[in-house]
Amino acid sequence: MLQAHPDGTDRRTRILDAAERCFVRTGFHRTTMQDVATEAGMSAGNLYRYFPSKDAVVAGLTERDRAEAAESFAALGEAGTGFMSGFERLGHRHFADEPREKAMLCLEIWAEATRNPAVARLTAEFSEDVVARLTGLLDAATASGDISPALDSRTIATLICTLADGLFVRRATLQDFDPAREMRPVMDLIRAMVTAEVPGRLAPAPASRKVTA
C-alpha cells in the first residue's frame with residue numbers, strides 16, 4: 001500500500017497521501033472526510049482548513065500528479081538517450097515500479113469523472129496537459145532526427161495516452177498483471193508509430209500465393 005509520511009512533514013502532503021489510501025481501500029464514495037482526517041492523524045476541523053471538500057482533495061491529487069508528470073517529461077527531454085529508450089524507462093516506472101494502488105486510484109477518479117463535472121474537468125485538463133507535453137517531446141525528437149514518425153506528433157501523443165490508460169486499467173484490475181508481458185507489445189507499437197517502421201511481430205502475415213502447375 002501507499003506509505004504514510006512521518007510526522008512533521010507538510011500537512012497537505014499527509015492529507016493527500018491519506019486520501020489516496022482511503023480511496024483505494026474503500027472507494028471514493030464510501031470515503032468520508034472524517035475517514036481521511038483519521039487516516040492523516042488529525043481532526044476533521046483541521047482537515048477542512050486545507051481541503052473544504054472531497055472534490056478539493058481530488059483537485060490536490062490531480063495537481064500533484066500533473067507536477068510529477070511534468071517533472072518526468074522534463075527529465076525525459078533532458079536525458080539525451082533517445083526518445084524510445086527514455087520512454088521505455090518511464091513506462092517501466094509507472095507500470096512496474098509504482099505500486100498497483102496508484103493505478104487503482106486512477107480508476108476511482110476516472111469513475112467519479114463520469115458523474116461529477118468538477119472531477120471530469122480536472123481529468124480532462126490533466127489529460128490535455130500530458131498530451132501537450134508529449135507532443136512537444138515528439139516534436140523535439142523529430143527535429144533532432146531521433147525519430148521519423150508515421151503520423152503527426154499530436155495524434156501519436158493521443159494514441160500513446162490511450163494505450164497508457166488501457167495499461168492502467170489492466171494494472172488495476174488484473175491480479176496477475178505482468179509488466180514485461182503487457183508492456184512489450186505496447187512499446188513495439190509505439191516504436192512503430194514514431195519510426196514509421198512496422199516490427200516483424202506486428203506486421204501482417206504475407207498473403208498466400210496460389211501455386212499453379
Q: For a 4.5 angstrom cut-off between non-hydrogen side-chain atoms, does Thr173 reach Leu107?
A: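 A side-chain contact under 4.5 Å exists here.
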Q: Between Ile15 and Glu39, is any pair of side-chain heavy atoms under 4.5 Å apart?
A: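 No; the side chains remain at least 4.5 Å from each other.
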Q: State the CG-CD distance between Leu16 and Glu63, to the nearest 0.5 angstrom.
A: 11.0 Å
Q: Does any pair with a residue in residues 130-142 pass salt bridge (Lys or Arg N to Asp or Glu O under 4.0 Å), and if so which ones, sequence neighbours excluded?
A: Asp129-Arg133
Q: Within the structure provided, determine whether Arg115 and His29 are in side-chain contact (heavy-atom separation under 4.5 Å).
A: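 Yes, close enough: below the 4.5 Å cut-off.
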Q: Using atom types as modelled and distance alone, determine if a side-chain donor or acceptor of Ser85 lies under 3.5 Å from a backbone N or O of Gly82.
A: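 It does not hold such a pair.
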Q: Determine the minimum heavy-atom distance between Leu151 and Leu159, stating which atoms define it.
A: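 The pair with the smallest heavy-atom distance is CD1-CD1, 4.0 Å.
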Q: Tell me whether Ser127 contacts the main-chain N or O of Thr123 through its side chain, where contact means a donor paired with an acceptor under 3.5 Å.
A: no
Q: Would you say the side-chain atoms of Arg154 pair up with the backbone N or O of Thr135, donor to acceptor, closer than 3.5 Å?
A: no
Q: Just list the side-chain donor-acceptor pairs under 3.5 Å for residues 65-73, sequence neighbours left out, or say none.
A:
unit_1: Ser72; atom_1: OG; unit_2: Glu68; atom_2: O; d: 3.1
unit_1: Ser72; atom_1: OG; unit_2: Arg93; atom_2: NH1; d: 2.7

Q: Look only at the side chain of Arg171 and the backbone of Ala103, and say whether a donor-acceptor pair between them is shorter than 3.5 Å.
A: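 No: the side chain of Arg171 does not pair with the backbone of Ala103.
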Q: Salt bridge between Arg184 and Glu88, side-chain N to carboxylate O under 4.0 Å?
A: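 Here Arg184 pairs with Glu88 in a salt bridge, since their nearest N and O are under 4.0 Å apart.
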Q: Assess whether salt bridge (Lys or Arg N to Asp or Glu O under 4.0 Å) is satisfied between Asp17 and Arg64, documenting all intermediate values.
A: CA-CA 11 Å; Asp17 288 348; Arg64 183 164 71 170; 2.9 Å; yes
Q: Going by atom types only, do Asp152 and Thr155 share a side-chain donor-acceptor pair under 3.5 Å?
A: yes
Q: Take Leu167 and Glu182, measure what side chain to side chain contact (heavy atoms under 4.5 Å, CB included) needs, and give me the verdict at the end.
A: CA-CA 8 Å; Leu167 282 177; Glu182 299 276 348; 4.1 Å; yes
Q: Would you say the side chain of Met193 lies within less than 4.5 Å of the side chain of Ile160, judging by non-hydrogen atoms?
A: yes
Q: Considering all heavy atoms of both residues, which atom of Ala120 and which atom of Ala113 are nearest to each other, and what is their separation?
A: CB-O, 3.3 Å
Q: When you measure from the side chain of Thr38 to the backbone N and O of Gln34, does any donor-acceptor pair fall under 3.5 Å?
A: yes
Q: Does a side-chain heavy-atom distance below 4.5 Å link Arg12 with Phe51?
A: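 With C-beta onward as the side chain, the pair touches.
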Q: Would you say that Phe87 contacts Val194 through its side chain, given a criterion of any heavy-atom pair below 4.5 Å between the two side chains?
A: no
Q: About how many Å separate CG of Leu76 and CG of Leu90, when rounded to the nearest 0.5 Å?
A: 6.0 Å
Q: Any salt bridge linking Glu108 with Arg25? Criterion: basic side-chain nitrogen under 4.0 Å from a carboxylate oxygen.
A: no
Q: Treating Ile, Leu, Val, Met, Phe, Trp and Tyr as nodes and any side-chain heavy-atom pair under 4.5 angstrom as an edge, say whether Val131 and Leu137 lie in one connected cluster.
A: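 In one cluster: no.
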Q: Looking at every heavy atom in both Cys161 and Leu134, which two are closest together, and how far apart are they?
A: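 For Cys161 and Leu134, the tightest heavy-atom pair comes out as SG-CD2, 4.5 Å.
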Q: Kindly check if the number of other-residue, nucleotide or ligand heavy atoms within 6.0 Å of CZ (Arg30) is above 12?
A: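 Incorrect, the count does not exceed 12.
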Q: With heavy-atom distances below 4.5 Å as the criterion, would you say the side chains of Pro149 and Thr142 are in contact?
A: yes
Q: Are Leu61 and Phe23 close enough that some pair of their side-chain heavy atoms sits under 4.5 Å apart?
A: yes
Q: Nearest 0.5 Å, please: how far is CZ in Phe126 from SG in Cys106?
A: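 Spacing of SG (Cys106) from CZ (Phe126) equals 7.5 Å.
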Q: Looking only at heavy atoms, which two atoms of Val57 and Ala19 are closest? And how far apart?
A: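 Smallest heavy-atom distance, with atoms named: CG1-CB, 3.4 Å.
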Q: Working to the nearest 0.5 angstrom, can you tell me the gap between Ile156 CD1 and Leu138 CG?
A: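 Going from the CD1 atom of Ile156 to the CG atom of Leu138 covers 6.0 Å.
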Q: Go through the steps for Phe95 and Phe168 under the test ring-ring contact (aromatic ring centres under 6.0 Å, His included), then give the verdict.
A: CA-CA 7 Å; Phe95 299 109; Phe168 273 116; 4.8 Å; yes
Q: Report yes or no: does Lys54 contribute a side-chain atom to a donor-acceptor pair with the main-chain N or O of Thr32 at less than 3.5 Å?
A: no
Q: From Arg89 CZ over to Asp97 CG, what is the distance, rounded to the nearest 0.5 angstrom?
A: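 That separation rounds to 12.0 Å.
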Q: How many angstroms lie between atom CD1 of Ile109 and atom CD of Glu20, to the nearest 0.5 angstrom?
A: 8.0 Å
Q: How close do Val24 and Glu101 get, counting heavy atoms only, and between which atoms?
A: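 Closest approach of Val24 to Glu101: CG2-O, 3.5 Å.
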Q: Could you report the tightest heavy-atom contact between Ser144 and Ala141, atom names first, then the distance?
A: OG-O, 3.0 Å
